[in-house]
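Below, chain A is the first sequence line, B the second, and so on; all start at residue 1.
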2 protein chains.
Amino acid sequence: MVEQLERRSLFTQSQEDYLKALYLLGGGERPVPTRELAQRLGISSPSVSEMVNRLSAQALVEHDRYRGQQLTREGRKVALELVRHHRLLEMFLVQVLGYSLDEVHDEAERLEHVISERMEQRIFELLGRPELDPHGHAIPTLTGRVRHVSHRALSECRAGEKVTVQGVSDEDPGKLRELERRGLLPGTHVAVLAGSEFEGPVEVKIKGRRAGVPLGLARAVFVAESH
Amino acid sequence: MVEQLERRSLFTQSQEDYLKALYLLGGGERPVPTRELAQRLGISSPSVSEMVNRLSAQALVEHDRYRGQQLTREGRKVALELVRHHRLLEMFLVQVLGYSLDEVHDEAERLEHVISERMEQRIFELLGRPELDPHGHAIPTLTGRVRHVSHRALSECRAGEKVTVQGVSDEDPGKLRELERRGLLPGTHVAVLAGSEFEGPVEVKIKGRRAGVPLGLARAVFVAESH
DNA sequence: CATGAAAGATAGGATAGCCTAACTTTCAGG
DNA sequence: CCTGAAAGTTAGGCTATCCTATCTTTCATG
């Protein structure tokens, strides 16, 4: 309990960034090349080498000289906490503060390093213990488990299906805004009238209104069976 | 507008701490001695001297050698933004995330440095454009104005008065919790049955229930006429 | 299996913040 | 108006992060 609440700030923001990037790139499965990590973080390779040395001295990272690095169990724990923070925060920003999907990332990126476990918990409860962030990514649990979420795109649905939008995966702010404008936000119920054939749009009914969703957009919308 | 949203992070967290402390200690009126600033920040005097040099090079602080330092107009602007962030965040943590009064300070202290102007605005609106934080301190406006709030303690009220709790000013977590337990939170309506005489408790009616508030506690409760 | 390009590591250097030790200025009392 | 304690500053050091230039290792390929 105390450990849970007081764990904060044993690591610098910089260290946390490395650990999280390592997790997101390698998933803890694959050794990540130095150059790749450097690219992701926008930092020179020598700087990464140096930091990785510090992190492996702290047993957060395992470094195979000239071959790459991956997280240790301990390092993954830290990374997962950050990812949990990030995704909870994105959900929070959307649902409580009314952010649009293209605005949440940067804010969450800064907040994830400073919120306490208490705040994490309060947000988690306030949101009704969500399992997915607004982009449809799984939110790791407090114990560091990551539920597997099988995604199906709206573009793959067939006529007659009733689905719920789980997430919207697109880095392009313009597309995100476009999806929002059309009401294709996480939580929205959609009835598929006609699937996409010959690259045409998917015909759907959103909140009672008929609409055609261009294939490009439909591919970025992840859905699940309505229940 | 863009300036408003993009102003973030021109300063380091450390610099921001100095500016805020300078504001809270000197109010922008009085030159603050180096030692005092050092004490407040928990940092050595030489370190303060050094940082103050950097800050005056950026025209955020005016430094009168051997005599003290105070904020420039620009420095005060930055400080006020931080104070605004801090107080809005405290209110937010209490009202939206259900924090108790003794838990808000540390969290707000970390968050105040990283929230965007957008988030500030959203919180401000969500809370209904509050003018006071949960401790009864004025929240500076976006333009940096600070409303003057005249405080009167519950201990100074007389029989028959109907007042509303504006804030609770006490650094002692035990006292804060005690006040919360008694329902003396910002927003609470209180009818004063009998004022404190001869150091005795203040007799009041809170939410229909009679209670005696010990003088020590009553002094930490700031109230305003109910309307 | 030799070799050169690509990837990685080391060397050397900068800056922000902090510290302690030593020096300088201020100013209250005598 | 002299002086010593208190306050303030300067000097010199340390660590974390970052960088560029240079050296080393790996590995595909001829």
- Item | Nucleotide range of DNA chain D lying under 4.0 Å from chain B heavy atoms | D:dA7 to D:dT10
- Return each pair, listed once, that meets side chain to side chain donor-acceptor pair (under 3.5 Å) where at least one residue sits in residues 55-75 of chain A; pairs must be two or more places apart or across chains. A:Thr34-A:Gln69
- Message: Test of understanding: with side chain to side chain donor-acceptor pair (under 3.5 Å), list the residues that count as partners of A:Gln39, not counting sequence neighbours.
- Response: none
Could you tabulate the donor-acceptor pairs under 3.5 Å formed by side-chain atoms of residues 97-108 of chain B, not counting sequence neighbours?
unit_1, atom_1, unit_2, atom_2, d
B:Tyr99, OH, A:Met119, N, 3.2
B:Tyr99, OH, B:Glu107, OE1, 2.7
B:Ser100, OG, B:Asp102, OD1, 2.7
B:Ser100, OG, B:Glu103, OE1, 3.4
B:Asp102, OD2, B:Arg177, NH2, 3.0
B:Glu103, OE1, B:Ser100, N, 3.0
B:Glu103, OE2, A:Arg118, NE, 3.3
B:Glu103, OE2, A:Arg118, NH2, 3.3
B:His105, ND1, B:His86, NE2, 3.3
B:His105, NE2, B:Glu109, OE1, 3.2
B:Glu107, OE1, A:Ser116, OG, 2.4
B:Glu107, OE2, A:Ser116, N, 3.0
B:Glu107, OE2, A:Ser116, OG, 3.4

- Query: Does B:Arg182 have any salt bridge (charged side-chain N to carboxylate O under 4.0 Å, His left out) partners at least two apart in sequence or in another chain, and if so, which?
  - Reply: B:Glu178
- By side chain to side chain donor-acceptor pair (under 3.5 Å), A:Ser14 pairs with (sequence neighbours left out) none
Grab the N/O contacts between the protein and nucleotides 5-8 of chain C below 3.5 Å, and write none if there aren't any.
unit_1, atom_1, unit_2, atom_2, d
C:dG8, OP1, A:Thr34, N, 3.1
C:dG8, OP2, A:Arg35, N, 2.8

- Please name all residues satisfying side-chain contact (heavy atoms from CB on, under 4.5 Å) with A:Ala153, sequence neighbours left out, ordered by chain then number. A:Ser155, A:Glu156, A:Phe222
Close N or O pairs between protein and nucleotides 14-17 of chain C (under 3.5 Å):
unit_1, atom_1, unit_2, atom_2, d
C:dG17, OP1, B:Thr12, OG1, 2.5
C:dG17, OP2, B:Arg54, NE, 3.2

Show the atom names and distances, to 0.1 Å, of all donor-acceptor pairs under 3.5 Å that link a side chain in residues 134-145 of chain A to residues at least two apart or in another chain.
unit_1, atom_1, unit_2, atom_2, d
A:His135, ND1, A:Val168, O, 2.9
A:His135, NE2, A:Glu90, OE1, 3.4
A:His137, ND1, A:Asp133, OD2, 3.4
A:Thr141, OG1, A:Thr143, N, 3.3
A:Thr141, OG1, A:Thr143, OG1, 3.0
A:Thr141, OG1, A:Gly144, N, 3.3
A:Thr141, OG1, A:Arg145, N, 3.0

- How would you list, by chain and number, every residue that makes a salt bridge (charged side-chain N to carboxylate O under 4.0 Å, His left out) with B:Arg84, sequence neighbours excluded? B:Glu120
- Item | Pairs involving residues 35-48 of chain A, ordered by first then second residue, that meet salt bridge (charged side-chain N to carboxylate O under 4.0 Å, His left out) (sequence neighbours left out) | A:Arg30-A:Glu36
- Query: Hey, is CZ on B:Arg129 packed in by over 12 heavy atoms from elsewhere, all under 6.0 Å?
  - Reply: no
